[in-house]
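To keep things clear, I will list the structure first and then write my remarks on it.
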2 protein chains.
Amino acid sequence: MNPTGSPFAIAEIGALLGDPARANMMLALIAGRALTAGELAWCARVTAQTASGHLAKLTAAGLLAVQSQGRHRYYRLASPLVAQMLEGMQVVAAVQGPPRYRPKSRIDDALRAGRTCYDHLAGRLGVALADALIARGCVVLSNDGGEATESGMAFFRRLAIDTAPRKGRRRCFCRPCLDWSERRPHIAGQLGAALAERCFDLGWIQRVRDSRAVVVTTKGQSGFKREFGITGEALMPEADPPPVPLKTAV
Amino acid sequence: MNPTGSPFAIAEIGALLGDPARANMMLALIAGRALTAGELAWCARVTAQTASGHLAKLTAAGLLAVQSQGRHRYYRLASPLVAQMLEGMQVVAAVQGPPRYRPKSRIDDALRAGRTCYDHLAGRLGVALADALIARGCVVLSNDGGEATESGMAFFRRLAIDTAPRKGRRRCFCRPCLDWSERRPHIAGQLGAALAERCFDLGWIQRVRDSRAVVVTTKGQSGFKREFGITGEALMPEADPPPVPLKTAV
DNA sequence: GGATCGCTTCGGCCGCTGCCGAAGCGATGC
DNA sequence: GCATCGCTTCGGCAGCGGCCGAAGCGATCC
């Protein structure tokens, strides 16, 4: 049909994701948890009936999966492939896009500090974790892939991080994922997921209600320092010090 | 601003890619070569003035890069990240989408047989190559990454495939890339690019004019069989035998 | 069983945007 | 210097699609 031979499918997906309301819904779901239609309507800042139409389209296109439960309908991303696609778009948006002014918001700051990216950690915390593991020779990352070293595997086992091979072979179970806020890679893939899960289990980090943001707990402050040597602002919820110290308060 | 904290950037990219004309332009450029505005207009099946508007938008958004040369303007994808994003969208489109009826076309068949995917090989040929390398223990692929084995590195050196490490570290220079037509992984990343380049240099494959499709040459037929053990329909430009042999031609 | 709630469907409004014809502009060719 | 070519800009038209109010439908609560 068209000279490149490829179907119009990209245009369909693009059109779906091209509406701000739908894009916001998808972004809200990138955290990996299922949300109700009402919650997604709120996320997208539209009324319930408008959201309903959007969700129907996204579901029909196979981007979302839906499950009815009582009088609620829970929506989630249809597959990890969709999450990966969204990540890819976010990366391009962050890297290519003009460094546009974004009104600094508390929520944005919280996400930049630390967040989940589908099933692994991103933001300053995620990048710091990756940096620490690279510096210690536990993992090696490149543009095209990543792998855990032998010493890295031992390190992960010691921390009780699940490194059992899942259908894929040993070692190539880790991949770099470019961080849209830090513009540097963090660790995704099976290892990234296991790492994040273990941090939650240890009580080092906690999800922020209604958000993908995560905060480091007091226990996490010492844990990340002890095990990974991470200190300072990578663990802080807010990056910037107060801009002007109010020395002469009125 | 929005509750997920992420900017509206995904919506902007989606809206750009959501127009069939623009999507076709991007797909035409995924082959990696630069095309003129006129060629892209033809690909998108729109007039020159319409194409001009689209190209201006794509360039302003940082998805395309443009270079003037005489009275031509050459457009290409702004970065490999953009190509990777498009691949990701194609995969989702192919995998999630309903198995819609696509009018079988010669062009489509040619692309399914073999094509370049930005800088590496895809289609039946690309997948067969990946399968062969996996079967011979040259590479290992999983969902999250891939690596070349020691014996694989020796194999590649013997074929004069460039395996010199580029800024990334040794070995993790290969990644799986899900094939939209075969729905199975082929080899991308530095190794995938080097592999494809070597096949072109050896005269095993040739680009089809005005297309991402590649065809296996006679030399390639024997070469792929000798070095990779690939035979049969993976090397054929057309998958299907003629449906009904015209035994009683008029 | 009536009230409430969560979600969907319907209908009409309206704004955005893609489309092309015509014209303009710079580079090339003769 | 004039014709041609490749591309862009302008202007006006037309259609698609998102939005919300109102209404409908099923599940839940009391």
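All figures in this text were calculated on a predicted structure; none of them were measured in a lab. Quick note on labels: first sequence line is chain A, next is B, and so on, each numbered from 1.
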note = In terms of heavy-atom contacts, A:Ala44 and A:Asn24 come closest through CA-CB, 4.1 Å
inquiry  = On a heavy-atom basis, which atom in B:Leu17 and which in B:Leu86 lie closest, and how many Å separate them?
reply    = CD2-CD2, 3.9 Å
ask   = Contact class for B:Tyr75 (heavy atom, under 4.0 Å): base, sugar-phosphate, or nothing?
value = sugar-phosphate
inquiry  = Need one value for A:Ala48: base, sugar-phosphate or nothing, where a base atom within 4.0 Å counts as base even if backbone is also close, heavy atoms only.
reply    = base
5' precedence on DNA chain D between B:Thr50 and A:Asp19 (nearest-nucleotide basis) = B:Thr50
request  = Record whether the side chain of B:Arg73 comes under 3.5 Å of the base of D:dC7 through a donor-acceptor pair of N or O atoms.
outcome  = no
d([atom1], [X]; [atom2], [N]) in whole Å:
X       : N      : atom1 : atom2 : value
B:Lys57 : D:dT8  : NZ    : C1'   : 14 Å
A:Gln69 : D:dT28 : CD    : P     : 10 Å
B:Tyr74 : D:dT8  : OH    : C1'   : 18 Å
A:Met25 : C:dC7  : CE    : P     : 11 Å

Among [options], which nucleotide sits nearest the side chain of [X]?
X       : options                : result
A:Gln49 : D:dC7, C:dG6, C:dT8    : C:dT8
A:Ser52 : C:dT8, C:dG18, D:dG17  : C:dT8
B:Val46 : C:dG18, D:dG18, C:dC19 : C:dC19
A:Ala21 : D:dC19, D:dA27, D:dG6  : D:dC19

[X] side chain N/O closer than 4.0 Å to the phosphate oxygens (OP1, OP2) of [N]?
X       : N      : answer
A:Arg71 : C:dT4  : no
A:His54 : D:dC19 : yes
B:Thr47 : C:dG21 : no

query = So, the side chain of A:Arg115 versus the backbone of A:Ala122: is there a donor-acceptor pair under 3.5 Å, distance only?
reply = no
remark   = When B:Ala15 and A:Thr36 are each assigned the nearest nucleotide of DNA chain C, the 5'-most assignment goes to A:Thr36
query = Without hydrogens or angle criteria, can the side chains of B:Ser181 and B:Arg124 be said to hold a donor-acceptor pair below 3.5 Å?
reply = no
message = Could you tell me if the side chain of A:Asp19 sits less than 4.5 Å from the side chain of A:His54, heavy atoms only?
response = yes
